[in-house]
Amino acid sequence: MSQVYLVGAGPGDPQLLTLKGAQALKKAEVVLYDRLVNPLLLYLAPKSAELVYVGKKPHEHGTIQEEIGEKLLHYGKEKVTVRLKGGDPSIFGRVAEEMAVLENADISYEVVPGITSAVSASIYAGFAVTERLISEKCFICTPTEKLQDFSKEPLGEIAKNGSVVVYMGMEKLEELVTIFLNQGSAKELPVAIVEWGTWGRQKKAVGTLATITQKVLEKEIHNPALIVLGQSAKKAENISWFEKLPGYNKKIIYVTNEPLDLEKMFTYTSEGTDIYPVLVGEAYDSRFAELHERILKEYENYEMVYVGENAQKDFQTLKEKLFHEG
């Protein structure tokens, strides 16, 4: 029996996936996953499940979204299909478009919400977007292609005693600063930007409207990142509970020729470690070849951990296969 699940994977910490989302993955025959999904979650799917990458590239959202709709129809008509989306699919995740595609084709589906970045990335960075007497409202938005229309929103007024949370706004950071200043915000208005929120690789830049652009350059902050403007964002200057974890900012490539112990992986992420498993030798899983090709190109800054006899040798063999080395 075919069924489609549109599942929010959460912001990156794999243990923030909901129980309902995990249950959907465990019965999936096909998983369509995007760029911001933690790869560990894919191991919740059966070994027989097909894994299909549908990540989007900047400025290609329209074209790619059409292709995703086509894949949902292709797989959803015949198989239990999970569309695994980073964060929450209903917050700038185009879930309404995917629901419409499935409804028009009379394909049964369910939507499983996920934890969105506004509440998770901020709290992992050390502050809440709402706080009594400091930030008593929250406005979640993303800059439109027509920035002049976006600037008509009362952003400066909301930020006086609330939080303005901006998704996908890094490319327009300077314009955002100008909009707030033009709307009467003080140059001292606090701004916090969190990159890869809830992942072990999380970074943040904290400043004011007057300083945040320079802070971003100094901290080398890039997409994916969440921008929060308002008084509560100032608390991100302090080291957060997440940043105090013993493994925070530690990056590991975990190479093993033994079956993956997912619970063991979660012990690493629970300590704030960014970990990526690579199964080699007899444990190798060809479904992850595309992921390996993307991620292992930039693994120089990661600590290597080898588990199992000949794991290191098997890893070298895999690299030669993936990148045609030697």
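Residues that satisfy the side chain to side chain contact (heavy atoms under 4.5 Å, CB included) test with V4, not counting sequence neighbours, are L6, L72, T81, L102, I107, Y109. Checked against salt bridge (charged side-chain N to carboxylate O under 4.0 Å, His left out), E188 has no partners two or more places apart in sequence or in another chain. In this view, Y33 and Y53 satisfy the ring-ring contact (aromatic ring centres under 6.0 Å, His included) rule, not counting sequence neighbours. Residues that satisfy the salt bridge (charged side-chain N to carboxylate O under 4.0 Å, His left out) test with E290, not counting sequence neighbours, are R294. Every side-chain hydrogen bond (donor to acceptor under 3.5 Å, both in side chains) that K27 has, sequence neighbours left out, goes to Y5. Checked against side-chain hydrogen bond (donor to acceptor under 3.5 Å, both in side chains), Q15 has the following partners two or more places apart in sequence or in another chain: S270.
Under 4.0 Å is where a charged nitrogen must lie from a carboxylate oxygen, and between K85 and D34 no such pair does. Under 4.0 Å is where a charged nitrogen must lie from a carboxylate oxygen, and between R83 and E98 at least one such pair does.
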For residues 134-142, tabulate all N or O donor-acceptor pairs below 3.5 Å that involve a side-chain atom, not counting sequence neighbours.
from, atom 1, to, atom 2, distance (Å)
S135, OG, V129, O, 2.6
S135, OG, S163, N, 3.3
S135, OG, S163, OG, 2.9
E136, OE2, L133, N, 2.8
K137, NZ, N161, OD1, 2.4
T142, OG1, Y167, O, 2.8

Enumerate, atom names and distances included, each donor-acceptor pair closer than 3.5 Å involving a side-chain atom of residues 36-47, sequence neighbours excluded.
from, atom 1, to, atom 2, distance (Å)
N38, OD1, L40, N, 3.0
N38, ND2, G12, O, 2.8

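A side-chain donor-acceptor contact under 3.5 Å links R287 to the backbone of A49. At distances below 3.5 Å, at least one donor-acceptor pair connects side-chain atoms of Q183 with backbone N or O atoms of E153. Remark: side-chain polar atoms of T208 are paired, donor with acceptor, to backbone N or O of A210 under 3.5 angstrom. S232 contributes no side-chain N or O that, together with a main-chain N or O of T130, makes up a donor-acceptor pair within less than 3.5 Å. Counting only distance, with no hydrogens or angles, the side chain of T269 and the backbone of D13 share no donor-acceptor pair below 3.5 Å. Without hydrogens or angle criteria, K204 side chain to E195 main chain gives no donor-acceptor distance under 3.5 Å. W199 places a side-chain N or O within 3.5 Å of a backbone atom of P11 that can act as its donor or acceptor partner. Between the side chain of S185 and the main chain of L181, no donor-acceptor pair closer than 3.5 Å is present. Judged by distance alone, the side chain of E243 and the main-chain N or O of S240 form a donor-acceptor pair under 3.5 Å.
No side-chain donor from either of E174 and T213 sits under 3.5 Å from a side-chain acceptor of the other. Between the side chains of E50 and Y75, at least one donor N or O lies within less than 3.5 Å of an accepting N or O.
Cluster note: F242 groups with L16, I115, V119, I123, Y124, W241, L245, Y248 through ILVMFWY side-chain heavy atoms spaced under 4.5 Å, whether in direct contact or through intervening members. With a 4.5 Å cut-off between side-chain heavy atoms of Ile, Leu, Val, Met, Phe, Trp and Tyr, the cluster of I239 takes in none.
Sequence neighbours left out, not one pair with a member in residues 207-234 passes ring-ring contact (aromatic ring centres under 6.0 Å, His included). Legend: side chain to side chain donor-acceptor pair (under 3.5 Å) pairs involving residues 251-263, not counting sequence neighbours, sorted by first then second residue: Y254-K264, N257-D314.
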Could you check F150 against L176 for side-chain contact (heavy atoms from CB on, under 4.5 Å), going step by step and ending with a plain yes or no? CA-CA 10 Å; F150 176 78; L176 283 169; 3.4 Å; yes
Report the C-alpha distance between S117 and S120 in whole Å, list the side-chain angles of each, state the deciding distance to 0.1 Å, and finish with yes or no for side-chain hydrogen bond (donor to acceptor under 3.5 Å, both in side chains). CA-CA 5 Å; S117 296; S120 54; 4.8 Å; no
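Linking Ile, Leu, Val, Met, Phe, Trp and Tyr whenever their side-chain heavy atoms come within less than 4.5 Å puts V177 and F180 in one cluster.
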